[in-house]
Amino acid sequence: MSPVPTVKLNNGYEIPVLGLGTYKALGGEVEQAVKDAIDCNYRHIDTAYLYGNETEVGNAVRAKIAENVIKREDMFIVTKLWSNFHEPDKVEYACRLSLNNLNLDYIDLYLIHWPFSFPYISDKDSMPLDEHGVVLVNDDLDILDTYKAMEKLVEKGLVRSIGLSNFNSEQIAHILNGCTIKPVMNQVEFSPALNQKKLIEFCKDRDIIVTAFSPLGRPNPQLKTPSFIFDEKVIAIGTKYNKTPAQVVLRYLIQYGAVPVPKSQTKGRIQQNIDVFDFELTPEEISILDGFNTGHRIALLPALKHSKYYPFSIEF
């Protein structure tokens, strides 16, 4: 198996242009999925403190190191700071929680998971509610102060790169206007149904790479959703290249310059998802995929609309 291509981040490190997503993957299943992914030549694994599976991800990585399949430096491990740890004095504490869970000496890329902040109640109280069931937010906290605390993690060698997740263009600009270490990444939902071309261009102009989560729109074969996975035109493109619709979609995102992190716990599909580097879509085929853009967002989080840091109140 040939190595997955990489893209250079603005700090000189390189990230594989496709990774394994692990959202809602738990226990032994996610541990096995990460092991299978490494065997299928994945070297980029995406997790988060909120996912509750950092320990299993770390177990899988260390098991493959012990088997001499990989070295630690071969892997690019991404995890994320959750919103109840945004107070600057909590950022290093949260990072060390993730490092302990992963049982690794450093994190390759540490992201602020969302731009809104919650008051800290406890490590496990991830989304505190008031007496009316409304999510408590800490809008007085400037997210730039959180980011500046992330910069100290780089200086201490706990993480190699830092970045953002689910930030809109105005929020990214706010970070760029006050940071010392430029974010290398913004991870956002991106699929043919939610075309993030404007945000990708905004980030590209500032030398920030975009990771695409939920790149396949969480397919449901019974409902035949999202339409771009089951559409005859996409199936025909796949037939032309001897690829599945999912492979066509992942190729589409990669050609836009995004780094997709499709999630799967099935070894055959894990292998299929990474087998997308031996063909290239034509401009006409890209135009067909562009045609599925409806603006439909899976990760909408309407319960956070009352926060001034809610990122979806502007176009991009």
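Everything numeric in this text was worked out from a predicted model, so none of it was measured.
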Taking only distance into account, with no hydrogens and no angle test, what donor-acceptor pairs under 3.5 Å do side-chain atoms of residues 128-135 form with protein atoms, sequence neighbours excluded?
{"unit_1": "Asp130", "atom_1": "OD1", "unit_2": "His132", "atom_2": "N", "d": "2.8"}
{"unit_1": "Asp130", "atom_1": "OD1", "unit_2": "Gly133", "atom_2": "N", "d": "3.1"}
{"unit_1": "Asp130", "atom_1": "OD1", "unit_2": "Val134", "atom_2": "N", "d": "2.9"}

For [X], which residues count as a side-chain hydrogen bond (donor to acceptor under 3.5 Å, both in side chains) partner, sequence neighbours excluded?
X      : value
Glu280 : none
Lys24  : none
Thr55  : none
Thr79  : Glu54

By salt bridge (Lys or Arg N to Asp or Glu O under 4.0 Å), which residues pair with Lys35, not counting sequence neighbours? Glu31
Who passes salt bridge (Lys or Arg N to Asp or Glu O under 4.0 Å) against Lys243, sequence neighbours left out? Asp275, Asp278
Specify whether Tyr256 and Phe190 have parallel, tilted or perpendicular ring planes, treating 30° as the upper limit for parallel and 60° as the lower limit for perpendicular. tilted
Aromatic ring pairing Phe312/Tyr310, orientation class (parallel under 30°, perpendicular over 60°, tilted between): perpendicular
Test side-chain hydrogen bond (donor to acceptor under 3.5 Å, both in side chains) on Asn273 and Tyr42 and set out the steps. CA-CA 10 Å; Asn273 287 344; Tyr42 286 71; 4.5 Å; no
Is there any salt bridge (Lys or Arg N to Asp or Glu O under 4.0 Å) pair reaching into residues 295-316, and which pairs are they, with sequence neighbours excluded? Lys198-Glu315
Note, [X] side chain near [Y] side chain (heavy atom, < 4.5 Å):
X      : Y      : result
Tyr23  : Val30  : no
Leu216 : Lys263 : no
His44  : Leu18  : no

Sequence-distant partners of Val69, side chain to side chain contact (heavy atoms under 4.5 Å, CB included), two or more places apart: Ile38, Asp39, Lys64, Glu67
Taking the six-membered ring of Phe277, is NZ or CZ of Arg251 closer than 6.0 Å to its centre and within 45° of its axis? no
Contact list for residues 226-237, test side chain to side chain donor-acceptor pair (under 3.5 Å), sequence neighbours left out: Asp231-Lys233
For residues 164-184, which residue pairs pass the side chain to side chain donor-acceptor pair (under 3.5 Å) check, not counting sequence neighbours? Asp142-His174
Closer than 4.0 angstrom, basic N to acidic O: yes or no for Glu151 and Lys148? no
Decide, yes or no, whether a salt bridge links Asp46 with Lys80 under the criterion of side-chain N to carboxylate O below 4.0 Å. yes
With side-chain hydrogen bond (donor to acceptor under 3.5 Å, both in side chains) as the test, would you mind laying out the steps for Glu285 and Tyr241 before giving the verdict? CA-CA 12 Å; Glu285 289 162 347; Tyr241 297 109; 2.7 Å; yes
Would Ser161 and Asn11 satisfy side-chain hydrogen bond (donor to acceptor under 3.5 Å, both in side chains), going step by step from the backbone distance to the final call? CA-CA 8 Å; Ser161 304; Asn11 61 0; 2.8 Å; yes
Got a sec, which residues hit ring-ring contact (aromatic ring centres under 6.0 Å, His included) with Tyr120, two or more places apart in sequence or on another chain? Phe85
